[in-house]
Structure formats: structure tokens, C-alpha cells
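No experiment lies behind these values; they were computed from the predicted model shown. As the structure lists them, so they are numbered: ligands from 1, and atoms in each ligand from 1.
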Amino acid sequence: MTECGVCFRHCKLREGQIGFCGGRIARGGRTEAYHYGRISSIALDPIEKKPLNRFFPGSRILSVGSFGCNLRCPFCQNHEISWSEEAKRFALTAQTASPEELVSIAKETRSRGNIGVAFTYNEPLIGYEFVRDTAKLLKADGMKAVMVTNGTAGLAVWDELKPYIDAMNIDLKGFTDRYYEQVLGGNRRQVLAFIEAAVKTCHVELTTLIVPGENDGEEEMRALSQWVSRLQNPDGTGVPLHISRFFPRFHMQDRSATPVRTVYRLADVAREELAFVYTGNC
Ligand code: SF4
């Protein structure tokens, strides 16, 4: 059996077996990215859509996704490529691109405002080898590498990536272990450790999706924003927090969209601690 050390799940896999996330496989006594270079989606997006509001504002970034995820958020907006049954079909149908091909597309779109590549839509950390190899080439060409991630990986993975990643939006989905473990199938402590390590070398912005009845209490937002206020980005400024509105999706259809006033109220609570607070989906 081979144990995967990428995230807290530590999947134990037989030779050729694919892990819980659908993105890693045991081969030759170690695990590797099963979906290396497999692209399920590609788009040239405004950087603010990642969302990153304080990293090259007004620019665009070539955004690419693969498939698979190591969390199980029941409301996932990208379930077609993350963890639904449909996501599995991308293992058969996704196009393949080498890091060189992707960088070439990124360079071709420079004239349209593109500054680099964002690894997004599904969870990029489960396929960190492709991110690392592509980001290395981007850096050599003076372009930027961005990740949009749930931050659920061990620090050894971040050590592989950090010389090449310029910015990240990391989900900090809530601030209780109950929510992370029982609703999302995640591990809050691993995410907090990942964020603390990331801000040392990389521009970080955080996103919290407010789900009614789960993480919409003022006390939780106060505790979350107090923790964030202790962090600083490499340029010495505070870490921005994006607070966004939930809509019923996928397996979570039992509640209404977050009231806009709740998002605004929680943003005001966060502003008691933080200089940069943005609201989304309102
Ligand atoms: S990255 Fe995937 S295979 Fe590895 S431990 Fe996490 S869920 Fe399992």
C-alpha cells in the first residue's frame, strides 16, 4: 500500500488505485497526479473574478481547471468537475495540454491583458506537480502564476510550489471544526497552517462563503477576522477577505440564498478587524 501525503486524508492506495479526490494515483510506490495536464475548462477571466482585488487590478488571467477535489462541499458550484459522478467522466474526456503548451497560450493572450495562468475551478493542490511545472515556466517568461484553492494540503506540497506561485485566493470556509469536518469533509487546522505558511512569500486573499445556518453568526465572523488580522502579506499590508453569498446548489437545496443584509452585516463585523473586506455575489 502507498500512502498519499498530500492532504489530511492520507489515502492508503493499492498500486494503480485512485485516491478519494479523483486526482492522484499510486504508481511505483508513490502517488502522482493522475490528471497531469488534463484540462476540463479554460477561460480568460478578469483577475477580480478569482477573486483577487489587490493583485494587478484590471488585468486578466488565463484560468484553467482540471478535475477532482479533496473536499465534499455539498453546495459546490463546480460540481461537474469536482466531485459529482459527472466529474469522473472528465477522466476520460478532458483534453491534455503540456506546461509548455499552456504557457504558449498564456503568452499569445498577453495582448488581451493576460498576466499569466490561474489554476482554478477544481482543486489545484491535488495535482500540484502540473501547477509547479507550469508555474516554473511562467516565471521564466516573466508571467504570473495564481492558484484558487481550498488550502487543504500539507506544507511539503506548499514547499514545492512556493518559489513559483505569485498569488492565491484561499477559501477559509468558516471558523469551526464542526463545519469543516461534518459539512465540508475538510480539516480546518490544515487550512490555517497552509494560509500561515502562504502569506510569508505569496500575495494571499481569502474567501468565506456565508451559508445560512452554518457559518452566518457574528461571533464566528469576529473570531475568523481576528485570526486573519494577525496575518500580513509580503508587501506589509493586511490580508483581504472576500465574504460571499451562498445560493442553493447541488446537494444543498434545503435552504434559501443568504440574505444580502446578512452578508453586509458580517462584512461590517469583519471591518472591525480588517482593512480590506469585499462582498461578493450580492
Ligand atoms: S490528495 Fe487525494 S489521494 Fe492524496 S490524501 Fe488527499 S484525497 Fe487522498
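Among the atoms of C4, an N, O or S atom is found under 2.8 Å from atom 4 (Fe) of ligand 1.
Screening E48, K50, E205 for a side chain to side chain donor-acceptor pair (under 3.5 Å) with H242, the sole residue that qualifies is E205.
The distance from ligand 1 to the heavy atoms of V6 drops below 4.0 Å at these ligand atoms: 1 (S). Close contacts between ligand 1 and C21 involve ligand atoms 1 (S), 2 (Fe), 3 (S), 7 (S) [criterion: under 4.0 Å to a heavy atom]. Close contacts of ligand 1 with R24, meaning ligand atoms under 4.0 Å from a residue heavy atom, involve 1 (S), 3 (S), 4 (Fe). If you number the atoms of ligand 1 from 1 as listed, the ones under 4.0 Å from a heavy atom of G19 come out as 3 (S). Near H10, with a cut-off below 4.0 Å to any heavy atom, the atoms of ligand 1 are 5 (S).
In terms of protein heavy-atom proximity, atom 8 (Fe) of ligand 1 is closest to C11 SG, 2.3 Å. In terms of protein heavy-atom proximity, atom 6 (Fe) of ligand 1 is closest to C7 SG, 2.4 Å.
From T120, atom OG1 reaches atom CE of M168 across 13.0 Å, with rounding to the nearest 0.5 Å.
Residues E214 and F246 are not in side-chain contact: their nearest non-hydrogen atoms beyond the backbone lie 4.5 Å or more apart.
Classification of D268 and R265 as a salt-bridged pair fails, no side-chain N sitting under 4.0 Å from a carboxylate O.
Relative orientation of the F130 and F119 rings is perpendicular, given thresholds of 30° and 60° on the angle between their planes.
Around atom CZ of R255, more than 12 heavy atoms belonging to other residues, nucleotides or ligands sit under 6.0 Å away.
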